[in-house]
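A, B, ... follow the sequence lines: proteins, then strands. Residue 1 opens every chain.
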There are 2 protein chains.
Amino acid sequence: MDQDFYCLHSEMCKTLANEKRQRILGALRTSELSVSRIVEATGMSQANASQHLSILRSKGVVKARREGNKVFYSITNPKIIQAFDLISEVMQEVLADQSHMIDDVIEHPIDPT
Amino acid sequence: MDQDFYCLHSEMCKTLANEKRQRILGALRTSELSVSRIVEATGMSQANASQHLSILRSKGVVKARREGNKVFYSITNPKIIQAFDLISEVMQEVLADQSHMIDDVIEHPIDPT
DNA sequence: TTAGAACATTCATATATCCTTATGTACCCC
DNA sequence: GGGGTACATAAGGATATATGAATGTTCTAA
């Protein structure tokens, strides 16, 4: 495994690992949207949305297209959606496992002696 | 989409979005390992490895099993490896696209007028 | 029960990230 | 050109994250 690999990999993850940026990607998963639409869909401030879009763009996750007054953003690579969904599955399975573990503890309390 | 969904999702991503933790997951992808083996494989300090393992464990990404003196860690869900690899692919494709874009700029410089 | 190995935790500090406010730039229409 | 809309960027202070050093804990073996 290449020296920089984990660093690059974690950079990509870090880009995706933010609630606001996830909301943006969630909004963009079906179609491209203008910034003002993204602001509407996500409920964040315009400045904040632009900042996150700038980060996503600089990491190659989304691309921008100007059309007159507006700028339309879209996801560059459909695998980003796949990765997003796969992590959703992992998250749900992990949560399910954790609640089973809690059930076990409730039904079979750990003896502290 | 649930209110907390993006928050949970970004929490999971944040857990994965760290170079050291990625190294640990990379070391664990084929088999479980004791902490000392993980320390060897990743080159980080014992305390730091324990700290990151604690984070991974608290988020349900890895699980621990004590055997006498040692504690063996393993990845809880094989989909975590899938997600890891998928993000690798995304990363490589994004990097490839970016270098094409740089080529384009070199071959067809943007006219500043 | 003491020594030592393997691992976990705490604390303090450095660094990075995030968001708000304010300001700047690009485009359209009159 | 002037004004308005859409978007981008900069500066700042608040919050979160990462790391090393020091200290605890758990187990084994003698």
Side-chain angles (χ1 to χ4, degrees), chain A residues 6-25 27-28 31-74 110-113, chain B residues 6-28 32-74 110-113:
Chain A
Y6 290 112
C7 191
L8 285 169
H9 200 282
S10 70
E11 280 300 309
M12 176 56 74
C13 282
K14 221 172 284 180
T15 305
L16 305 177
N18 176 282
E19 188 191 342
K20 303 282 183 73
R21 289 196 286 276
Q22 301 245 353
R23 286 183 192 275
I24 290 174
L25 293 177
L28 291 178
S31 68
E32 69 168 13
L33 290 177
S34 67
V35 176
S36 46
R37 287 292 184 187
I38 292 169
V39 167
E40 280 176 29
T42 59
M44 65 182 94
S45 74
Q46 180 269 316
N48 198 208
S50 269
Q51 285 165 342
H52 285 298
L53 286 166
S54 171
I55 291 167
L56 288 167
R57 187 157 37 88
S58 73
K59 297 305 166 66
V61 175
V62 303
K63 61 184 179 221
R65 173 178 76 79
R66 181 177 275 277
E67 189 178 310
N69 224 1
K70 297 182 177 179
V71 177
F72 289 87
Y73 280 87
S74 57
I110 293 161
D111 187 349
T113 55
Chain B
Y6 291 112
C7 190
L8 285 169
H9 200 282
S10 71
E11 281 300 309
M12 175 58 71
C13 282
K14 221 171 281 178
T15 306
L16 305 177
N18 175 282
E19 187 190 343
K20 302 284 184 73
R21 290 196 284 278
Q22 302 248 353
R23 285 183 193 277
I24 290 174
L25 292 177
L28 292 178
E32 68 169 14
L33 290 176
S34 66
V35 176
S36 46
R37 287 292 184 188
I38 292 168
V39 167
E40 280 175 31
T42 61
M44 66 183 93
S45 75
Q46 181 269 316
N48 198 209
S50 269
Q51 287 164 342
H52 284 298
L53 285 166
S54 170
I55 291 168
L56 288 167
R57 188 157 38 87
S58 72
K59 297 304 168 65
V61 175
V62 303
K63 62 186 176 214
R65 171 180 76 80
R66 181 178 274 279
E67 188 177 310
N69 225 0
K70 297 182 177 177
V71 176
F72 289 87
Y73 280 87
S74 58
I110 294 163
D111 187 349
T113 54

Close side-chain approach of A:Lys63 to A:Ser74, heavy-atom, < 4.5 Å: yes
Rounded to whole Å, how long is the line connecting atom CZ of B:Arg23 with atom P of D:dA18? 15 Å
Find the distance A:Met44:CE to C:dT20:P and express it as a whole number of Å. 10 Å
Within the pair B:Asn69 and D:dT28, is there a side-chain N or O less than 4.0 Å away from OP1 or OP2? no
Out of D:dC7, C:dC7, D:dT17, which has the shortest distance to the side chain of B:Ser36? C:dC7
Residue met sooner reading DNA chain C from 5', once A:Gly68 and A:Ser45 are mapped to nucleotides: A:Ser45
In whole angstroms, how far is the P atom of D:dC7 from the NZ atom of A:Lys63? 18 Å
Between B:Asn18 and D:dA18, is there a contact of a side-chain N or O with OP1 or OP2 at under 4.0 Å? yes
Consider the side chain of B:Lys14, meaning its heavy atoms from C-beta on, and name the nucleotide among D:dT17, D:dA11, D:dA8 that approaches it most closely. D:dT17
Counting the atoms with a prime plus P, OP1 and OP2 as sugar-phosphate, which does A:Tyr73 contact under 4.0 Å by heavy atoms, base, sugar-phosphate, or nothing? sugar-phosphate
Any side-chain N or O of A:Arg37 under 4.0 Å from OP1/OP2 of D:dA6? no
C:dT17 phosphate, OP1 or OP2: any side-chain N/O from A:His52 under 4.0 angstrom? no
Round to a whole Å and report the spacing from CD of B:Gln22 to C1' of D:dA18. 15 Å
Could you tell me whether the phosphate oxygens of C:dC28, OP1 or OP2, come under 4.0 Å of any side-chain nitrogen or oxygen in A:Lys70? no
Base, sugar-phosphate, or nothing: which does B:Ala49 touch, judged by heavy atoms less than 4.0 Å apart? nothing
Can you tell me the distance, in whole Å, between the CD atom of B:Glu67 and the C1' atom of D:dT28? 13 Å
Tell whether B:Gln51 reaches the base of C:dT10 with its side chain through a donor-acceptor pair below 3.5 angstrom. yes
Rounded to whole Å, how long is the line connecting atom CG of B:Leu16 with atom P of D:dT17? 14 Å
Closest non-hydrogen atom pair, B:Lys20 against B:Asn48: NZ-OD1, 3.2 Å
With the side chain defined as heavy atoms from C-beta on, B:Asn48 is closest, among C:dA8, C:dC18, D:dG20, to D:dG20
Output for pair (A:Lys59 NZ, A:Ser54 OG), nearest 0.5 Å, gives 10.0 Å
May I ask you to test the A:Glu19-B:His9 pair for a side-chain heavy-atom distance under 4.5 Å? no
Output the distance between atom OG (A:Ser10) and atom CG (B:Leu25), rounded to the nearest 0.5 Å. 11.5 Å
Gap between atoms CG and P, on A:Leu33 and D:dA6 respectively (whole Å): 15 Å
By nearest nucleotide on DNA chain C, pick out whichever of B:Val35 and A:Arg66 is the more 5' one. B:Val35
Between the base of C:dA8 and the side chain of B:Gln46, is there a donor-acceptor distance below 3.5 Å? yes
Taking only side-chain nitrogens and oxygens of B:Ser34, does any of them come within less than 4.0 Å of OP1 or OP2 of C:dA6? no
Heavy-atom pair with the smallest gap, counting every atom of B:Ala64 and B:Tyr73: CB-CE2, 3.7 Å
From CD1 of A:Ile55 over to P of C:dA16, roughly how many Å is that when rounded to an integer? 14 Å
